[in-house]
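Presented below is the structure to which this report refers.
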There are 2 protein chains.
Amino acid sequence: MDAELRLSPLEFTSTTDRVCTELRRLIVTGTLAPGQALNEKSVAQQLGVSRSPVREAFQRLVTERLLLAERNKSVTVKEFTDADIQEIYDARIAIETHAARRIIDAGAAAVTRTTERLESALTELRTQLDEGDRLAVARADLAFHQALVECGGNSRLVAAYELLSAETVTCMAWLENVKPSGDELMQDHRDFVDALQTHDPDQITSVISAHLSLAESNLAASTPAERASRQSAVVPQR
Amino acid sequence: MDAELRLSPLEFTSTTDRVCTELRRLIVTGTLAPGQALNEKSVAQQLGVSRSPVREAFQRLVTERLLLAERNKSVTVKEFTDADIQEIYDARIAIETHAARRIIDAGAAAVTRTTERLESALTELRTQLDEGDRLAVARADLAFHQALVECGGNSRLVAAYELLSAETVTCMAWLENVKPSGDELMQDHRDFVDALQTHDPDQITSVISAHLSLAESNLAASTPAERASRQSAVVPQR
DNA sequence: ATGTTACATGTTGTCGACAATCATGTTGCA
DNA sequence: TGCAACATGATTGTCGACAACATGTAACAT
């Protein structure tokens with residue numbers, strides 16, 4: 001009967017999921033300004049859905065720390081202080097160093113496998129650097145680090161790290177990051193990979209700490225990016 | 001005028017918050033069985049609220065990994081496998097060791113302050129041990145570790161650790177934990193505090209790893225707790 | 001007896017509406 | 001002119017209703 005036409009897996013995604021994804025995108029790309037209040041009705045109308053899924057998406061994004069909720073007040077896009085940036089990078093150090101140690105503990109094969117993934121992430125980073133899109137570079141950078149954490153094999157730490165990644169990108173989107181040159185950035189990540197291959201936990205730990213501390217100070221030293229251009233496209237309705 | 005009756009700070013908590021708190025309590029105490037399906041209407045009726053706040057609470061608890069959601073299916077209470085337990089304790093090691101290192105980095109004053117908090121947590125643990133309530137002991141144990149993480153000063157890691165704590169308690173509530181004797185447990189935590197006072201990062205790191213690895217194997221070796229008694233009090237409506 | 005179809009029931013996903021709360025601007029009065 | 005009280009409008013919190021979906025049961029055909 002149905003021998004020939006083998007159909008696709010066919011995947012549905014809930015409305016809440018899509019709202020969530022879209023809002024997350026708008027936040028991490030900086031399209032929605034920090035501190036920006038999000039009107040439920042307005043967001044719902046512009047996305048063409050009702051308020052229920054929007055509210056549920058808000059709930060999720062609040063626990064993801066991208067939105068801030070206060071009773072009887074509109075949720076607002078989270079604003080990041082210097083202290084936040086410090087915390088984010090500190091937490092990233094905690095998770096990355098742990099992942100690296102676990103990978104080394106797991107033996108040479110695990111290190112090799114990780115190295116391959118990191119190399120491929122590096123290639124992507126180089127591509128994006130040549131491309132020139134600031135945010136795409138930031139995402140490729142983060143993808144590199146995320147690959148390391150994933151190789152650590154702890155899904156809970158991966159989840160925690162994803163939240164930190166989203167926060168990091170959000171910060172970068174709103175601060176004119178005093179980025180090192182592309183070559184410097186690449187070299188810095190190469191050192192990272194090399195350190196992993198020494199199989200020395202303390203070595204890789206100090207390299208990670210140094211790498212992230214540097215990135216943190218680069219970010220903290222940045223100035224707020226003016227962007228009257230892409231003014232919040234999802235709220236003005238007043 | 002209003003000199004005499006000075007009123008309270010007066011705090012309101014949203015319905016969603018209360019639903020969330022109540023469900024969390026039922027889950028971590030094991031009143032709700034792992035795998036148990038939660039009917040929205042039934043839960044709403046029994047809590048005396050409508051489905052909206054219940055659904056929003058579900059959203060939060062899903063991101064807290066206490067509930068599991070599937071499209072067009074009832075959310076279910078998360079079930080934990082041995083792999084989960086392994087992950088949870090591994091993640092706890094990552095966060096606790098990092099916190100300890102940061103506390104030591106912060107200097108002698110920070111270590112002293114931390115020690116005081118840990119001592120007070122130990123006193124509470126002793127009290128609960130004498131009391132004899134298994135779950136209360138587990139909570140006191142977790143409170144000790146949580147105090148350490150809080151002293152680390154990174155609110156994001158504290159938040160991540162709270163999720164892990166809740167998962168840990170849930171596991172303990174459902175497994176007949178082969179607990180060491182009260183004295184052993186106390187001594188183990190005392191060693192923990194002593195290690196911190198050496199101000200040696202590697203020392204405290206290995207003690208934490210050993211402590212949590214031991215706790216993990218105790219938990220993993222446990223047998224599922226039969227509890228026909230306190231059968232799920234919030235769902236039967238059929 | 002077995003497998004399939006159609007139906008019946010219950011549950012989730014989504015929506016619009018109402019009540020409670022908050023923000024704002026205006027009026028009244030000292 | 002300044003402050004307080006009020007009126008007004010908008011926004012959130014909560015609710016009940018309906019549609020879409022999934023599951024279990026009965027009828028039917030092979």
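Letters go in sequence order (proteins before strands), and every chain restarts at 1. The structure presented is a predicted model; accordingly, all values stated were derived computationally and were not measured.
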I need the CZ-P distance between B:Arg55 and D:dC15, as an integer number of Å.
15 Å

Could you check how far CG of B:Leu38 sits from C1' of C:dT11, rounded to whole Å?
13 Å

For A:Lys73 and A:Ser50, take the nucleotide of DNA chain C holding the closest heavy atom to each; which residue's nucleotide lies nearer the 5' end?
A:Ser50

Would you mind reading off the distance between B:Leu47 atom CG and D:dC15 atom C1', rounded to a whole angstrom?
15 Å

Looking only at side-chain N and O atoms, does A:Thr16 come under 4.0 Å of OP1 or OP2 in C:dG13?
no

Over how many whole Å does the gap from A:Gln59 atom CD to D:dT12 atom C1' extend?
12 Å

Looking at A:Ser52, does any N or O in its side chain come under 4.0 Å of the phosphate oxygens OP1/OP2 on C:dG13?
no

Tell me the interatomic distance from B:Lys41, atom NZ, to D:dC18, atom C1', rounded to whole angstroms.
13 Å

Could you label the plane-to-plane angle of the A:His211 and A:His145 rings as parallel, tilted or perpendicular, counting under 30° as parallel and over 60° as perpendicular?
tilted

Rounded off to whole Å, could you give me the CD-to-C1' distance for the A:Glu40 and C:dA17 pair?
15 Å

Do B:Tyr161 and B:Glu150 have a side chain donor and acceptor closer than 3.5 Å?
no

Which of the following nucleotides, D:dT12, C:dC15, D:dC15, is nearest to the side chain of B:Val49?
D:dC15

On DNA chain C, check which nucleotide each of A:Arg71 and B:Asn72 is closest to and give me the residue with the more 5' one.
B:Asn72

Find the distance B:Phe58:CZ to C:dT12:P and express it as a whole number of Å.
8 Å

Can you tell me if A:Thr63 and B:Glu64 form a side-chain donor-acceptor pair at under 3.5 Å?
no

In the structure I gave you, are the side-chain heavy atoms of B:Thr13 and B:Thr21 within less than 4.5 Å of one another anywhere?
no

Value in whole Å for how far the C1' atom of D:dA10 lies from CG of A:Asn39:
9 Å

